[in-house]
Amino acid sequence: MDLFDYMRETSMEKEAPLASRLRPRTLDEIVGQQHIIGKDKLLYRAIKADKISSVIFYGPPGTGKTTIAKVIANTTSAIFKQINATGAGKKDMEQVVEEAKNALGMYGKKTILFVDEIHRFNKSQQDYLLPFVEDGTVILIGATTENPYFEVNSALLSRSIIFELRPLSRDEIRILLKRAVYDRERGMGAYNAEITDEALDFLADVANGDARAALNAVEIGVLTTQRSDDGKIHIDLAVASECIQKRVIKYDRDGDNHYDTISAFIKSMRGSDPDAAVYYLARMLYAGEEPAFIARRIMICAAEDVGNADPQALVVAVNASQAVERLGMPEGRIVLAQAAIYVACAPKSNSAICAIDKAMEYVRTHETAPVPSHLRDAHYKGAAKLGHGLGYQYAHDFENHYVNQQYLPDAVVGEQFFYAGDLGYEKQMKEHLQKIKAPYEKN
């Protein structure tokens, strides 16, 4: 490193965002994640003993993935290299691997490669690292906000220990906020600022476990708030609410939160809880989820979980989908809420999906049985001469528009696929079928 590199790094450290400047340098400075870095935990012992193996840190933004990697960099005797998968390519990895080989061969020093956003690497890029991780040329530390079991090659996963990081608690974020405001060395202490308990509680709450979001809000507050007559910068509730403007919502359309939230939304409608359904609907809309996607899920739920207990539910859901498409947002939120509430409050039956799934399974596992002759089409050329349609009884010619005749193929007679439920309109359907069939069953 020459003088210019040194000056550049020194300047960047001073001018870095507060969240970066406050990044812990030792294990004991880390706030939160005690389930993996507590003093009796494997990762803590491995870092302290400088015996770290390949690991992948998985968790939401602002929970400390990069922080722990930096602590490892500060404590290990190995050479530490860092790349970000959003901008790095194969050439960057080749350079790291070559330097790692030289360091291991000439000096016996291991190299730790920290890959931030590792899920951004495609399969071939991940495959390139595999042999060098396997033979110990590099020790891999990956960081990802996405589920590694979906986004990281299984071969890399099998050679790594996965540590899941959790959102920080409100109390943990309060600790970091106080450190940010009053730390004179790396925080904002030199600005002579004070923060009220109300502001601390508010920021700790709205950050939703994301330390970076809370620290960014404090930094903005200190830098933009005028000093009071006492010469201090006062961060109160009003200032804090202005600085963060919008509650932090952890929601990635391609990530876990997307699937977890839509799952909770569907299960709330299925479970007849309109309050929970509207809550999860609001979370998705607030985070920018596509209304068309939400509408599709409501339609599916209306058919799968309400079914014929209230056939109107599917009508409402389909019309809601069309209305949202025509209205757009924000008015579309009302339509989606109406449909979600209707489906949640409707009587429930899953008999339709049970019937079709059972029938599909039967068709898959049995030979295709011929359609009974009397049910076959008698109109196409020559069909009547073959006896097709002969003996068919027209249901409308009989009392209750029902006649007792065989509809299933001979090989399938006796199989039952549909079992009517006892709620809503389906109960009426069940009673109707029993009524029209009763005279024949007595005979």
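None of these values were measured; they are calculated from a predicted model.
Although no hydrogens or angles enter the test, the distance criterion places no donor-acceptor pair under 3.5 Å between the side chain of D50 and the main chain of T76. Side-chain N or O atoms of S241 include one that pairs as donor or acceptor with a backbone N or O of A238 at under 3.5 Å. Not a single donor-acceptor pair under 3.5 Å links the side chain of H35 to the backbone N or O of K41. Side chain of D92 to backbone of G89: a donor-acceptor contact under 3.5 angstrom is found. For the pair S158 (side chain) and A155 (backbone), a donor-acceptor distance under 3.5 Å is present. Although no hydrogens or angles enter the test, the distance criterion places no donor-acceptor pair under 3.5 Å between the side chain of T63 and the main chain of G59. Looking only at distances, a side-chain donor or acceptor of R184 sits under 3.5 Å from a matching main-chain atom of G189. Looking only at distances, a side-chain donor or acceptor of Q33 sits under 3.5 Å from a matching main-chain atom of R166. D183 contributes no side-chain N or O that, together with a main-chain N or O of R179, makes up a donor-acceptor pair within less than 3.5 Å. Using a distance-only test at 3.5 Å, with no hydrogens or angles considered, a donor-acceptor pair links the side chain of Q126 to the main chain of F121.
How far CZ of F202 is from CG of D236: 11.5 Å, rounded to the nearest 0.5 Å. Expressed to the nearest 0.5 Å, how far CG of L140 lies from OG of S53 amounts to 10.5 Å. Once rounded to the nearest 0.5 Å, the distance linking CD1 of I68 with CZ of F114 reads 10.0 Å. Taking CG from D273 and SG from C345, the interatomic distance works out to 9.0 Å, rounded to the nearest 0.5 Å. The distance from atom CD of E219 to atom CG of L22, rounded to the nearest 0.5 Å, is 9.0 Å. To the nearest 0.5 angstrom, K101 atom NZ is 6.0 Å from E98 atom CD.
Using a 4.5 Å heavy-atom threshold, the side chains of I235 and T196 count as separate. K81 places none of its side-chain heavy atoms less than 4.5 Å from the side chain of I112. Looking only at side-chain heavy atoms (C-beta outward), E117 and N84 come within less than 4.5 Å of each other. The shortest distance between side-chain heavy atoms of I83 and L113 falls below 4.5 Å. Residues M188 and L223 are in side-chain contact: their nearest non-hydrogen atoms beyond the backbone lie under 4.5 Å apart. Side-chain contact between M93 and L129: present, with at least one pair of heavy atoms (C-beta onward) separated by less than 4.5 Å. R296 places none of its side-chain heavy atoms less than 4.5 Å from the side chain of S321. Counting heavy atoms from C-beta outward, N153 and D127 have side chains that approach closer than 4.5 Å.
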Evaluate K70 against T67 for side-chain contact (heavy atoms from CB on, under 4.5 Å), listing each step before the verdict. CA-CA 5 Å; K70 294 288 188 181; T67 290; 5.8 Å; no

Output, in order, the C-alpha distance, side-chain angles, deciding distance and verdict of side-chain contact (heavy atoms from CB on, under 4.5 Å) for I195 and L203. CA-CA 11 Å; I195 186 167; L203 290 174; 4.2 Å; yes

E361 and R364: CA distance, side-chain angles, deciding distance, salt bridge (charged side-chain N to carboxylate O under 4.0 Å, His left out) verdict: CA-CA 5 Å; E361 178 63 15; R364 186 184 70 84; 2.8 Å; yes

Walk me through it: do D135 and T137 pass the test side chain to side chain donor-acceptor pair (under 3.5 Å)? CA-CA 6 Å; D135 66 13; T137 300; 2.6 Å; yes

Using the side-chain contact (heavy atoms from CB on, under 4.5 Å) rule, take L43 and I161 through it: C-alpha gap first, then chi angles, then the decisive distance, then the call. CA-CA 10 Å; L43 184 58; I161 302 175; over 6 Å; no

For Y342 and D310: C-alpha separation, side-chain torsions, deciding distance, then whether side chain to side chain donor-acceptor pair (under 3.5 Å) applies. CA-CA 10 Å; Y342 191 101; D310 184 353; 2.8 Å; yes

Quick one, K348 with S272, criterion side chain to side chain donor-acceptor pair (under 3.5 Å). Give me CA distance, side-chain angles, the key distance, then yes/no. CA-CA 8 Å; K348 301 298 188 294; S272 301; 3.0 Å; yes

With side-chain contact (heavy atoms from CB on, under 4.5 Å) as the test, would you mind laying out the steps for F163 and Y58 before giving the verdict? CA-CA 6 Å; F163 292 100; Y58 156 53; over 6 Å; no

Using the rule given for salt bridge (charged side-chain N to carboxylate O under 4.0 Å, His left out), can you reason through E304 versus K267, listing the C-alpha separation, both sets of side-chain angles and the distance that settles it, and then say yes or no? CA-CA 12 Å; E304 179 179 344; K267 289 171 182 173; over 6 Å; no

One pair to check against side chain to side chain donor-acceptor pair (under 3.5 Å): D28 and T26. What are the steps and the verdict? CA-CA 5 Å; D28 296 329; T26 67; 5.1 Å; no

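Scored by the salt bridge (charged side-chain N to carboxylate O under 4.0 Å, His left out) test, E172 finds no partners at all (sequence neighbours excluded).
Within 6.0 Å of atom NZ in K110, 12 or fewer heavy atoms from other residues, nucleotides or ligands are found, so the atom counts as exposed in its surroundings. Atom CE of M360 is surrounded by 12 or fewer heavy atoms from other residues, nucleotides or ligands within 6.0 Å. Applying the 6.0 Å contact sphere to CD of E198 captures no more than 12 heavy atoms from other residues, nucleotides or ligands. Counting non-hydrogen atoms of other residues, nucleotides and ligands closer than 6.0 Å to CZ of R159 gives a total above 12. More than 12 heavy atoms of other residues, nucleotides or ligands shown are found within 6.0 angstrom of OH on Y407. Counting heavy atoms of neighbouring residues, nucleotides and ligands inside a 6.0 Å radius, atom CD of Q322 exceeds 12 of them. Within 6.0 Å of OH in Y362 there are more than 12 heavy atoms belonging to other residues, nucleotides or ligands. Surrounding CD of Q338 are at most 12 heavy atoms belonging to other residues, nucleotides or ligands under 6.0 Å away.
When every heavy atom of R186 is checked against every heavy atom of R23, the shortest pair comes out as NH1-O, 2.9 Å. When all heavy atoms of M299 and L314 are compared, the pair lying nearest together is O-CD1, 3.7 Å. Residues L168 and A211 come closest through the heavy atom pair CD2-CB, 4.0 Å. Between I266 and C301 the shortest heavy-atom distance is O-SG, 4.2 Å. The two residues R45 and K39 make their nearest non-hydrogen contact at CG-O, 4.3 Å. A199 and A240 make their closest contact through CB-CB, 4.0 Å (heavy atoms, listed as atom of the first residue, atom of the second, distance).
Using a 4.0 Å cut-off between a side-chain N of Lys or Arg and a carboxylate O of Asp or Glu, R170 and D201 do not qualify as a salt bridge. At a threshold of 4.0 Å, the pair E290-R297 does not count as salt-bridged, since none of the basic side-chain nitrogens sits closer than that to a carboxylate oxygen.
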Residues 413-429, side-chain donor-acceptor partners within the protein, below 3.5 Å, at least two apart:
{"from": "Q416", "atom 1": "NE2", "to": "F418", "atom 2": "O", "distance (Å)": "3.0"}
{"from": "D422", "atom 1": "OD1", "to": "K430", "atom 2": "NZ", "distance (Å)": "2.8"}
{"from": "E426", "atom 1": "OE1", "to": "S349", "atom 2": "OG", "distance (Å)": "2.4"}
{"from": "E426", "atom 1": "OE1", "to": "S351", "atom 2": "OG", "distance (Å)": "3.3"}
{"from": "E426", "atom 1": "OE1", "to": "G421", "atom 2": "N", "distance (Å)": "2.9"}
{"from": "E426", "atom 1": "OE2", "to": "S349", "atom 2": "OG", "distance (Å)": "3.3"}
{"from": "E426", "atom 1": "OE2", "to": "S351", "atom 2": "OG", "distance (Å)": "2.5"}

